[in-house]
Structure formats: structure tokens, C-alpha cells
2 protein chains.
Amino acid sequence: MNKADQSPTGLEHMLCYDLYAANHAFGRIYKPLLAPLGLTYPQYLAMLTLWAAAPLSVGEIGRRLGLDSNTLTPMLKRLEGMGLVQRRRDGADERRVSVDLTEAGRAQEAQAAHVPGCAAAATGLSMAELLALQLQLRKLRGALKPD
Amino acid sequence: MNKADQSPTGLEHMLCYDLYAANHAFGRIYKPLLAPLGLTYPQYLAMLTLWAAAPLSVGEIGRRLGLDSNTLTPMLKRLEGMGLVQRRRDGADERRVSVDLTEAGRAQEAQAAHVPGCAAAATGLSMAELLALQLQLRKLRGALKPD
DNA sequence: TGAAATTATATCGTGCGCGATTTAATCGCA
DNA sequence: TGCGATTAAATCGCGCACGATATAATTTCA
């Protein structure tokens, strides 16, 4: 067996490492784009979710992002502290907390409109390549049991 | 309802989200595989690096994983606490810390040998699909400037 | 040769990510 | 109707990430 090609422990042949590294590299691209907005990368994803369909319960947001309340509750409180969202118990079901955008939160959508394009440009890949990658990732995620 | 194809902020068309979600999904696959070894996912990546080329300085490991000493120093101390690695100042250059595998750390390589295969199987994708995805990810990472 | 610049690691603070547990509201069903 | 099961958030603890800063060793070069 040829070791150079088949090393079972070399990072260079592990998909998990490529995914890990690519995700971090992508985060590094977004950071400077989001800094002027005062948002972290995960906070940006939460705002994207709300811009698309606010108001949403904590659980709904979590379902879309793959996160649980142990991660979301503190993050949403921070967004509330920034004045971007408002949290309140749902009247119909007091167990739920409904999260809605404030005026300022809604206004941020326009200010963030340029971000996806800038990020795509920073990857240096063509639209076709980006699309192909996205399809593969979605296929992977679809294959991993949705719990 | 419409698929929200037009929404500029919908999560469903953002590559960053697919990458983010796929990475986490992958982490969830690895977790049960690594739990018997007592390793976290990032610790596993560090051990992979060392299995491939120990001893390495903290900086060398960081270069391969895209991490800095602020992340690695505590992690390596934990691995040292588990008895898997040994840290010591480099005699030739006292600024450096050389990280080497212990007997136990070396022994873990065999115990972890089945992990990559199990993870690949759990994705439900064919070898060809996994390879294609890996190529795309590597292309993406190569395109993002290494600073 | 010696002071300034550079390099390697460590430390600190903040914000995720997630397993485990807790509390409270709602539901199921005899 | 009542009571156990389920569900939704919140809380706690630990371990990454990472910007900013600190400290010490090494290199550079005037």
C-alpha cells in the first residue's frame, strides 16, 4: 500500500477538514463585511431568518438554523439589547417566545443588502461554481439524517 | 405559497448558510464516533495533524488547522492533561513549544482508524460525490486568499 | 554591539455550540 | 376533571474561535 496516497490520518484526505476549514474561511470573509453592522456571523444568519419571515418563535428560528434555545436565547437577548429585535411571550401559547424585528432591525436589511454579493465576489469563484458547491452541500445535508 | 425565490434575504439561497449547516451536521456525525475516544471534533483534527507529522510546534499545527495559539494553547493543554501529548520548549528556539505524541497518543491512532470510514458512510453519499464535494471545497478555500 | 523590529506563545474577554437539567405551559386521555 | 406526558424556553457548564494584548526570545541593522 502506498502511504503517500493512503495515509488514514493525513488531513489532506479528510473531507471533514475541508468542510471545517472552508466554513472558517468563509466566516473570515463575512467578518469585515458584518463588522460595520455590528453583527457576528451567527447573528447575521438569525437576522436573515427574521428578515425572511418575522415574527418567529425561538423554536422556529432554531429549526431553520439547526440551533437550540441554549444557543439562541442568549444571542436573541443580545440582538434585543442592540435594539434590533423584540422578544415577548406568545399570548396564544405562553410557552413560546415570539421574536419580531424592531424598526431598526427592519432598517438593517437594506444596509446588509450588499453583503451576499460582496462575499460571493470574495470567494473568487464563478457563479456556476458557487451554485455547484451549494448543490453538493445541500445534498450532503439532506443525506445526514434530519434528526 | 411561493418558494421565496425572489427574497434577497432568504436563507435558502445563501451559500454561507449551506456551508454553516453542513459543517455542523458533519460535526454531529463525528461526535458519537469520537465520544468513545474522549475527543472533541477540533481535538480530533489536532490529533490527526500530530499522527501525520509529530512532533510539531504550536505554530505548525495552527498553520495546518487555520487556528492561532489563543485557541490551540488551551486545547493542547487539555490533550496533555489527558496524557495524549507532551508539550515542551524547543531547545534550539526557546520561543517555540514542541508538541509530541505520548505512547497513549500514538496508540489512539489505531483506535480512531475506523472513524473516517464510518463518517463517510453516515453521509449517505457515494465516493464520487464525496470526492467532488471535497474538490469544490478545496477550490473555495484556495480562492479565499490565505492572507 | 545594542536598541528596535519581528516572531512564538500565552492570556484575557466575548460570543457561539451543545449536552444536561430546570421550569412552566399545554396536551392526552382515562 | 385530573394527572402524567409532552413541549418550549431558559439556565448551567465546558470547550472552541478569535480580537486584543502581554511577555519573552530571536533577528535585524545602524
Side-chain angles (χ1 to χ4, degrees), chain A residues 16-17 20-32 34-35 37-47 55-63 65-82 85 87-99 147, chain B residues 16-17 20-32 34-35 38-47 49 55-63 65-82 85 87-99 147:
Chain A
C16 66
Y17 167 68
Y20 174 87
N23 184 48
H24 285 2
F26 225 63
R28 261 172 246 130
I29 287 185
Y30 269 90
K31 186 155 304 184
L34 297 175
L37 301 176
L39 293 176
T40 66
Y41 188 52
Q43 284 168 3
Y44 171 65
L45 292 175
M47 291 301 289
L56 290 169
S57 70
V58 173
E60 270 301 328
I61 299 172
R63 223 159 286 125
L65 294 179
L67 297 173
D68 205 346
S69 65
N70 50 8
T71 297
L72 284 174
T73 296
M75 185 163 84
L76 291 170
K77 283 184 176 176
R78 261 170 240 125
L79 291 174
E80 187 173 42
M82 298 178 211
V85 309
R87 297 158 62 252
R88 68 173 206 287
R89 287 279 161 187
D90 183 330
D93 185 341
E94 290 284 340
R95 290 173 303 180
R96 294 169 187 257
V97 166
S98 172
V99 183
D147 307 2
Chain B
C16 67
Y17 167 68
Y20 174 89
N23 184 48
H24 287 157
F26 224 64
R28 261 171 248 131
I29 286 185
Y30 269 89
K31 186 155 302 185
L34 297 175
L39 294 176
T40 67
Y41 188 53
Q43 284 167 4
Y44 171 66
L45 292 175
M47 291 302 288
T49 309
L56 290 170
S57 70
V58 173
E60 269 303 327
I61 299 171
R63 223 159 286 124
L65 294 179
L67 297 173
D68 205 346
S69 65
N70 49 9
T71 298
L72 284 174
T73 296
M75 190 198 318
L76 292 169
K77 282 184 177 175
R78 262 169 239 125
L79 291 174
E80 187 173 43
M82 297 178 212
V85 309
R87 297 158 63 249
R88 68 175 205 288
R89 287 280 162 185
D90 184 329
D93 184 342
E94 289 283 340
R95 290 172 303 178
R96 293 169 189 258
V97 167
S98 173
V99 183
D147 304 15

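Residue numbers begin at 1 in each chain, while the letters A, B, ... track the order of the sequences.
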**Prompt:** For the atom pair OG1 (A:Thr71) and CG (A:Leu65), what is the distance rounded to the nearest 0.5 Å?
**Reply:** 10.0 Å
**Message:** Reading DNA chain D from 5' to 3', where do the contacts with chain B start and stop? Cut-off is 4.0 Å to heavy atoms.
**Reply:** D:dG15 to D:dT26
**Request:** For B:Arg89, answer base if it contacts any base atom (sugar-phosphate contacts may also be present), sugar-phosphate if it contacts only those atoms, and nothing otherwise; contact means non-hydrogen atoms under 4.0 Å.
**Result:** sugar-phosphate
Distances for protein N/O vs nucleotides 26-29 of chain C N/O pairs under 3.5 angstrom?
{"from": "C:dT26", "atom 1": "OP1", "to": "A:Glu94", "atom 2": "N", "distance (Å)": "3.1"}

**Request:** For the pair B:Glu60 and B:Arg63, evaluate salt bridge (charged side-chain N to carboxylate O under 4.0 Å, His left out) and give the outcome as yes or no after the intermediate values.
**Result:** CA-CA 5 Å; B:Glu60 269 303 327; B:Arg63 223 159 286 124; 2.9 Å; yes
**Asked** What residues, two or more places apart in sequence or in another chain, satisfy salt bridge (charged side-chain N to carboxylate O under 4.0 Å, His left out) together with B:Arg89?
**Response** none
**Fill in**
Under a 4.0 Å heavy-atom criterion, the protein footprint on nucleotides 15-22 of chain C, written with B, S and -, is SSBBBB--
**Request:** Would you name the heavy atoms of A:Arg87 and A:Thr73 that are closest together and state the gap between them?
**Result:** NH2-CG2, 4.4 Å
**Item:** Under the side-chain contact (heavy atoms from CB on, under 4.5 Å) test, residues paired with B:Arg78 that sit two or more places apart
**Value:** B:Gln43, B:Pro74, B:Met75, B:Met82
**Request:** For A:Asn70, check side-chain contact (heavy atoms from CB on, under 4.5 Å) against everything at least two apart and list the hits.
**Result:** A:Asp68
**Fill in**
Rounding to 0.5 Å, atoms OH (A:Tyr41) and NE2 (A:His24) come to a distance of 11.0 Å
**Fill in**
Rounded to whole Å, the CG-P distance (B:Leu56 to C:dT9) equals 11 Å
**Residue pair A:Leu45 / B:Cys16, side-chain heavy-atom distance below 4.5 Å** = yes
**Prompt:** Once the angle between the rings of A:Tyr30 and A:Phe26 is folded into 0 to 90°, is it parallel (under 30°), tilted (30 to 60°) or perpendicular (over 60°)?
**Reply:** tilted
**Prompt:** Rounded to the nearest 0.5 Å, what separation is found between the CD1 atom of A:Ile61 and the CG atom of A:Leu56?
**Reply:** 5.5 Å
